[in-house]
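These notes are about the structure you will find just below.
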2 protein chains.
Amino acid sequence: MSTIQDVARHAAVSVSTVSNVLNGRTDRMRQETLARVEAAITALQFRPNTLARQLKTGQTPLLGLLVPSIANPMYGYIAREVETFAQEQYGYRVLIGNTYRDQDKEAAFFEDLLAHGVRRVIVISSLADERHLERAVQRGMVVVSYDRRATPGELSDVDHVTPDNFEAAGLATRYLIAHGHTRLAFATVAGMTMSRSDKIKGFLAAAGDAGLREHARVLDGGPLNEYGDAVLSEVGRALAQQMVNDPEPPTGIVAVNDLMALGLMAGLREAGLRVPEDMSIVGMDGLFLSAISNPALTTVQLPVTEMARAMVERAMSRQSGQESNASELVFTPTHLIERESVAPPPGRVRTRAHATGMKPLKAKK
Amino acid sequence: MSTIQDVARHAAVSVSTVSNVLNGRTDRMRQETLARVEAAITALQFRPNTLARQLKTGQTPLLGLLVPSIANPMYGYIAREVETFAQEQYGYRVLIGNTYRDQDKEAAFFEDLLAHGVRRVIVISSLADERHLERAVQRGMVVVSYDRRATPGELSDVDHVTPDNFEAAGLATRYLIAHGHTRLAFATVAGMTMSRSDKIKGFLAAAGDAGLREHARVLDGGPLNEYGDAVLSEVGRALAQQMVNDPEPPTGIVAVNDLMALGLMAGLREAGLRVPEDMSIVGMDGLFLSAISNPALTTVQLPVTEMARAMVERAMSRQSGQESNASELVFTPTHLIERESVAPPPGRVRTRAHATGMKPLKAKK
DNA sequence: TTGAAAGCGCTAACAA
DNA sequence: TTGTTAGCGCTTTCAA
C-alpha cells in the first residue's frame, strides 16, 4: 500500500500539496501541479488510509448497527436498507453486532465502537431502559434508537425512530373486527418490550372501542430467542395449543409480527385448525415472506425503507458531541395488505351478517 | 475520552509502562506499579484507541463480510454465525456490505476495507471469476470465499469454504427418485453461479445414475434479485406456469434453495397444484423458515454454523501478507430433513409400487 | 502556489 | 523496573 509520502515523492511535491488535492483544495495550486499529483495517485494506486486520517480528524466514516439478531429477517431487511443508504448517501460503512438482547453484549459493543472511533450508532435494543444509550451520548456518540418511543416527560439525548406500534396493532385489530370477529387474541412472546406493550395497548384499545374489551386477550407463547430460529415453531405450537384448549377460542388473532404469525399458522395447522376458515390471523411488518406463506398472510406493512433512511439521516444529522436536539420520529403505518389469512369467523349467523357489511376486498399478492 | 497520556500522568508513570500493562507485559514491572496503573485506568475509564494502535501495528480487529444482500435469510443466518464466532473467539467486529452481486459495489467495498485497515474478509460473491479476490490477496488481504470451489489446476491464494453443492443436489434428487419420481426438474433462477451449476450437475448426475437423464430438466424462473424480496413470488409464479403448461409436467422438483422452494410452492398453489399430492419439492439450505411453511418443506440441511466457523478460522489463520497456503474446505451435507413436501408421484401404478419399496419415514418437524 | 513541521494516540525499540 | 523517543499516515496551521 502506498502512502501519501510515496505520492509526494513521485510527483515531486510536498505531502501537504498531496493532502490538499485529497481534500479538494485544488484551487490553491497550479493546474500543472494538480495534474502531476493526480497522475502519481493513479500510477501508485494510492488510497488514503482512513485510519490515519481519522486519528487526525477524529471522524471515521463508520456507522454502528446493533440488532438482536441479524438472522431475523426483519432485522436483516432493516440492516440492508440502513447499509445501502448509509453507503450511497454518506459513504459510510456499517459495523454490525448481534446482541441477542443481552445487556452485556450491548455494552461491549458500545465499548468497541468507541475504541474504533465510531461515533454514530443505530440501536435496536429493547432492553428495559435506555440509560446505557444516554451514557453513550454523554461519551460523545450520536445514537438513534429504533422501535421505541422517547420516554415522555424526560428529554432525551437519544433520537427515536419508530413505527406507531399502537396504531399498527389498532389497524390490524379493527380489520378483524370489521370482518365480524368478536373473540380476539393478541399473540406474542415472553418478554415485554416497549414496542410489544404498545402493540398490546393498541390491540386492547381497538377492541375496547368496539365494545369487545371483555373478549380480547393476550396470549403469550413463551420465550423466543427473537432471532428467527427453530424455536419459533415451538412457540407457535404452544400458542396454538392454548387456543385449542380454550373452551371459547378466539377467532381473530393479531400477531405481534409476521414471524410470529407464520409460526402460529404452523402450530394451528398442526393442531388441526384451518386458517382462515377456523381462525383469522393478521401479522405486522410486511416481510416479503408474508407474501409467499400458505395462506398468504394479511399484514400491516411497515415503512421499513423510510424508517431506515430516517435513522441514517438522524445519525448523520449532527456532529458527535454536539448538543442534543434529539427528535422522535413516529411512522404511522396506514397500509394493511389484504391477503388470505382473514375471513369472517366460522359459524354464528350474527357474525356472518356482521361481516357482510364489509365489502370483501380482493386480496393483493 | 482519556488517552494513554492521561493514564500515565494519573498513575505517575510513563506511557510505555501503561502500554506495557495494556499489552500484557506485566511481568516487567513491580506489583505496586501495575496496581497504580490499573487503578488509573479504572478511574479514568480509559479504553485504548484501536485506531491509534492499529496505525502502529497495522492490524485492526475487524473482519469484512461481503454478502449479496443481508436481507436474504440465508445470508442473515450465515452473517449471524460469522459475527458471533468472530467476536467470541477472536474479539473481532464485523464490517458488513451488501453487493447486490454487483461488480463495482464489490470492488468499492474492498477499497474501503483496505482504507480502513481491514485485512481479513469473507466473501459471498458468485461473480463470474475471482480475479478481483486474488488481487485483494496481492494487496495484502486474507480472503475466504464462500460457496464456490477452488478453480481446479490453478493454485489460488484465496481460501474456499463451501458446501458440496453437487452432493447436496444429488441427495435431494435421489430422495425424490427413491419416492418413485421419474419426471424430475431442477428449479433455479437466471444467472449461473458456480454453486448453481454444481447443483445442476449433481441433479443431472443423480438422475442419470437412475436412468432418468431424459426425464430431468432444468427450469429457470428468470432473474431474481437474490436478496429475499417480493420478486421471489414472481419467479415462483413464472416457474409454476412453466410446469402447468408442460404437457408432461415433472412430479418431483429440486429447488436451488429453500427460498426458491417456498416461492415455487406459492406459485404452484396459485396455479391450482397441490404439494405434495401433485408435485413434490425438496429444498436446500435448511432455513428455519422451511420448518414452518405449509406444507413443511423437506430440505437438505447445510451445516451453516460449522461452515461459518471454518470461514472465520481460515480468515484468522494467518497474517495478512503471509504466503498463501490457501485451502479448500468442502462440507458434504448428509442430512436431509424429511417433512411434508414430498410424496409419491400421483397416478401411475408402476410408480406407486416403486415408492412402496421405501419405508416412508416419519417426518421430523 | 508550495513546503515544513507539529501532532492525533499508541507501540516498541532502546536507554537508563 | 521504568522512561525516552521515533514513528505509523495523515491533516493543517503557518511560513516561505
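Quick note on labels: first sequence line is chain A, next is B, and so on, each numbered from 1.
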Taking C-beta and beyond as the side chain, do B:Glu130 and B:Arg148 meet within less than 4.5 Å on heavy atoms?
-> yes
For B:Asp27, report the nucleic acid contact type (base, sugar-phosphate, nothing); a contact means any heavy atom under 4.0 Å.
-> sugar-phosphate
B:Lys56 vs B:Ser14, nearer the 5' end of DNA chain D by closest nucleotide = B:Ser14
Separation of C:dG9 atom P from B:Gln59 atom CD, nearest Å, is 22 Å
Separation of A:Arg9 atom CZ from C:dA4 atom P, in whole Å?
-> 13 Å
At under 4.0 Å between heavy atoms, what does A:Ser19 touch on the DNA or RNA strands: base, sugar-phosphate, or nothing?
-> base
May I ask you to say what A:Val13 touches in the nucleic acid, namely base, sugar-phosphate or nothing, with a heavy-atom cut-off under 4.0 Å?
-> sugar-phosphate
Using only side-chain N and O atoms of B:Arg53, determine if any of them is under 4.0 Å from OP1 or OP2 of C:dT11.
-> yes
Whole-Å distance, B:Asp6 CG to C:dC10 P, equals 9 Å
Over how many whole Å does the gap from A:Gln54 atom CD to D:dT11 atom C1' extend?
-> 12 Å
Over how many whole Å does the gap from B:His116 atom NE2 to D:dG9 atom C1' extend?
-> 15 Å
Residue whose nearest DNA chain D nucleotide is more 5′ - B:Met29 or A:Asn23 | B:Met29
In whole angstroms, how far is the P atom of C:dT11 from the CZ atom of B:Phe46?
-> 7 Å
Rounded to whole Å, the CG-C1' distance (B:Asn49 to C:dT11) equals 13 Å
Can you check salt bridge (charged side-chain N to carboxylate O under 4.0 Å, His left out) on B:Glu106 and B:Arg101, steps first, answer last?
-> CA-CA 8 Å; B:Glu106 237 177 75; B:Arg101 297 196 188 281; over 6 Å; no
With sugar-phosphate meaning primed atoms plus P, OP1 and OP2, does A:Arg30 contact a base, only sugar-phosphate, or nothing at under 4.0 Å between heavy atoms?
-> sugar-phosphate
Can you tell me the distance, in whole Å, between the CG atom of A:Leu55 and the P atom of D:dC8?
-> 13 Å
When you check the phosphate oxygens OP1 and OP2 of C:dG3, does a side-chain N or O of A:Ser16 lie under 4.0 Å from one of them?
-> no
Do any N or O atoms from the side chain of B:Thr84 and from the backbone of B:Arg80 form a donor-acceptor pair under 3.5 angstrom?
-> yes
Does the side chain of B:Arg47 come within less than 4.5 Å of B:Ser2's, by heavy atoms?
-> no
Could you tell me whether A:Leu51 contacts a base, only the sugar-phosphate backbone, or nothing, with contacts defined as non-hydrogen atoms closer than 4.0 Å?
-> nothing
Look at B:Glu328 together with B:Arg149 and state whether they make a salt bridge at an N to O cut-off of under 4.0 Å.
-> yes
For A:Arg25 and D:dT12, is the shortest distance between a side-chain N/O and OP1 or OP2 below 4.0 Å?
-> yes
Quick one: is A:Thr33 getting a side-chain N or O under 4.0 Å of the C:dT2 phosphate, OP1 or OP2?
-> yes
Hey, does A:Thr3 reach any base, or is it just sugar-phosphate, or nothing, if we go heavy atoms under 4.0 Å?
-> sugar-phosphate
